[in-house]
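Counting starts at 1 for both ligands and their atoms, in listed order.
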Amino acid sequence: MKKSFDTAIIGGGVNGTSIAFELAKKGRKVILLEKQQIAAESSRAAAGMLAAQAEIEQDGPLFQLALKSQKMFASLSQELLEYSGIDIEFVQKGMLKIAETEDIAHEVQQQVLFQRKWDHEIRWLDSHEIRELEPALSPTIAGGMYLPNDGHVHPEKLTQAFAKAALHFGAEIRENTEVLSFLYDQGKVKGLNTSNGIIHCDQVVIAVGAWANRLIKDLPVFPVKGECFSVKVNKPIINTTIFSDKRCYLVPKRNGEIYIGATMIENSFDKAVTPGGIASLIERAVKLVPEIRDATWERVWCGIRPQTNDGKPYIGEHPEYKGIFVATGHFRNGILLSPITGKLVADLLEGNTTELSAFRLDRHQPSVM
Ligand code: FAD
Ligand code: GLY
């Protein structure tokens, strides 16, 4: 008898594995197909920040989704430890969104007023106060927004933990298996053609990050390359995440490594790390925290963010092809958004779409290849 699955998930990044975990937990018969290995792409390259307030500066459906997802990490880290045995290294030591000059200070102070509507502990620190909290910061810094409840995780461990917890609940995972096309019958999906044969299923979830329009023609998802480097320190020089702007942040990890990122190069799938990219990050990081100059060099890496035209992810069913669902386009916040994405897609497959109208696919007109 041919083997058939309720749901096949394409893509073993943080979103595909989170969806697999949530569906398997609901008792669904799930298979996840990954063309390389689990966490091979963006979900390995991320800094792991849960930076809802630093990354998103306006209220709206995406901001509210991000706040909700951010709050899920404390209990999720315990749940994933229980079911996978993997510690996702959730650290909640706060973040400083830096105003490097007096000109920018006013903008950041406006952000403090806006963000305090959702978290009263967020506050402005002036140049003196910010150095009391983080003495290694440059004395030239004008001040910053302090977000004491912000945190970060180890992105690759998070992805592996979702995958292992999905296996715990009976999911199947096939690595080195590329999905090539879909099998339909009367406008409804019936299965997938893969590099390792046919998979029969009733529903498909496409969670392939920046590669989404290779499976769904015309879906406007495009790559934004990001390069990073890290240094190691014997004793911590910073405790909080230092976020200057979207092109420079420093994240002190639990193992003594400080991740420093990241460049933003649009329309590039090229994963080469360039001296120019890393030089620009070093220059900015040393300006913020001069001691970085004397830290021990650790490594460089690069990843491809999945961006969309309007900055919002696509989470929803395909408007024409019943049974094909999409969860992609999480751009700079896929790690942060992964817990809520898993939960909402699992609900969506049971017919509940309440929180997802802003993320529907038919805000554009994609067609399946
Ligand atoms: P991916 O992780 O890219 O996974 C997609 C998977 O699909 C890949 O493994 C790929 O091999 C597979 N695939 C593709 N096509 C097929 C196919 N046809 N068949 C089978 N498999 C296929 N986000 C945060 O929240 N916080 C951060 O601090 C942060 N920092 C970042 C720093 C950098 C430098 C970068 C590049 C990104 C960062 N991000 C961050 C963004 C985050 O990494 C992404 O939004 C997230 O990882 C996207 O996850 P995904 O599962 O959607 O896609
Ligand atoms: N969220 C950090 C980045 O995408 O670089």
Relative to the heavy atoms of [X], which atoms of ligand 1 are at a distance of less than 4.0 Å?
X    : result
N333 : 23 (N), 24 (C), 25 (O)
G303 : 36 (C)
T177 : 20 (C)
A207 : 5 (C)
I10  : 17 (C), 19 (N), 20 (C)
E41  : 3 (O), 8 (C), 9 (O), 10 (C), 11 (O)
G48  : 27 (C), 28 (O)
Q36  : 11 (O)

#### Entry: Pi-cation contact, F169 with R28 (under 6.0 Å, within 45°)
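Cation-pi check for R28 and F169: fails.
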| Over-ring placement of R332 relative to F243, 6.0 Å and 45° cut-offs |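 The answer is no, since R332 fails at least one limit relative to F243.
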Nearest protein heavy atom with distance in Å, relative to [atom]:
atom                    : answer
atom 34 (C) of ligand 1 : C228 SG, 3.5 Å
atom 21 (N) of ligand 1 : K35 N, 3.1 Å
atom 40 (C) of ligand 1 : R332 O, 3.1 Å
atom 44 (C) of ligand 1 : S42 OG, 3.4 Å
atom 6 (C) of ligand 1  : E34 OE1, 3.5 Å
atom 52 (O) of ligand 1 : N15 ND2, 3.1 Å
atom 13 (N) of ligand 1 : V208 CG1, 3.8 Å
atom 4 (O) of ligand 1  : G13 CA, 3.4 Å

* To do: Hey, can you tell me if W118 and F63 have their rings parallel, tilted or perpendicular (30° and 60° cut-offs)?
  =>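 If you compare the ring of W118 with that of F63, the planes turn out perpendicular.
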Under 30°, 30 to 60°, or over 60°: which ring-plane class applies to Y83 and H168, parallel, tilted or perpendicular?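 Tilted: the ring planes of Y83 and H168 meet at 30° to 60°.
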What do you reckon, does [X] have a nitrogen or oxygen under 3.5 Å from a nitrogen or oxygen of ligand 1?
X    : answer
I335 : yes
S43  : yes
V224 : no
W211 : no
M49  : yes
A47  : yes
L336 : yes
L337 : no
Q37  : no
I304 : no

Query raised in the report: Is it true that V14 lies under 4.0 Å from ligand 1, counting heavy atoms only?
Result: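 Heavy atoms of V14 do come under 4.0 Å of ligand 1.
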- Task: Return yes when G261 approaches ligand 1 closer than 4.0 angstrom through a heavy atom, no otherwise.
- Result: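 No, G261 has no heavy atom closer than 4.0 Å to ligand 1.
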Calculate, to the nearest 0.5 Å, the distance between atoms [atom1] and [atom2] belonging to [X] and [Y] respectively.
X    : Y    : atom1 : atom2 : result
M49  : M95  : CE    : CE    : 5.5 Å
I265 : T274 : CD1   : OG1   : 5.5 Å
K35  : S195 : NZ    : OG    : 10.0 Å
Y249 : Y259 : OH    : OH    : 11.0 Å

Fill in: Least distance between heavy atoms, F73 atom then I335 atom
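Here F73 and I335 meet closest at CZ-O, 3.4 Å.
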Check your understanding: Of all heavy-atom pairs between A262 and C228, which one has the smallest distance, and what is that distance?
Key ->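 That would be CB-SG, 3.8 Å.
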Strictly distance-based, threshold 3.5 Å: is any side-chain N or O of [X] a donor or acceptor partner for the main-chain N or O of [Y]?
X    : Y    : answer
S69  : I340 : yes
R44  : P155 : no
K97  : A54  : yes
H152 : P252 : yes
T328 : A212 : no
K188 : D202 : yes

Just heavy atoms, cut-off under 4.0 Å: does Y249 contact ligand 1 by side chain, backbone, both, or neither?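 It is the side chain that gets close, since no backbone atom is under 4.0 Å.
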Sorted by chain and number, the residues that approach ligand 2 to under 4.0 Å with a heavy atom: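 Within the 4.0 Å shell of ligand 2, which is judged on heavy atoms, sit M49, E55, Y249, A262, R305, R332.
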Q) Taking a hydrophobic cluster as the set of Ile, Leu, Val, Met, Phe, Trp and Tyr residues connected by side-chain heavy atoms closer than 4.5 Å, whether directly or through intermediates, do L336 and V224 fall within one such cluster? A)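 No, because L336 and V224 fall into different hydrophobic clusters, even though each may have its own neighbours under 4.5 Å.
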E22: which residues meet the side-chain contact (heavy atoms from CB on, under 4.5 Å) condition with it, sequence neighbours left out?
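E22 satisfies side-chain contact (heavy atoms from CB on, under 4.5 Å) with K25, K343, A346 once adjacent residues are dropped.
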Identity of the nearest option to atom 46 (C) of ligand 1, non-hydrogen atoms only, from A52, S18, A210, G334 |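 Of the listed residues, G334 has the closest heavy atom.
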- Query: Can you list the steps and then say if E178 with R214 is a salt bridge (charged side-chain N to carboxylate O under 4.0 Å, His left out)?
  - Reply: CA-CA 12 Å; E178 182 174 5; R214 297 194 184 166; over 6 Å; no
- Item | Over 12 foreign heavy atoms within 6.0 Å of NZ, K29 |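 Counting neighbours around NZ of K29, more than 12 heavy atoms of other residues, nucleotides or ligands fall under 6.0 Å, so yes.
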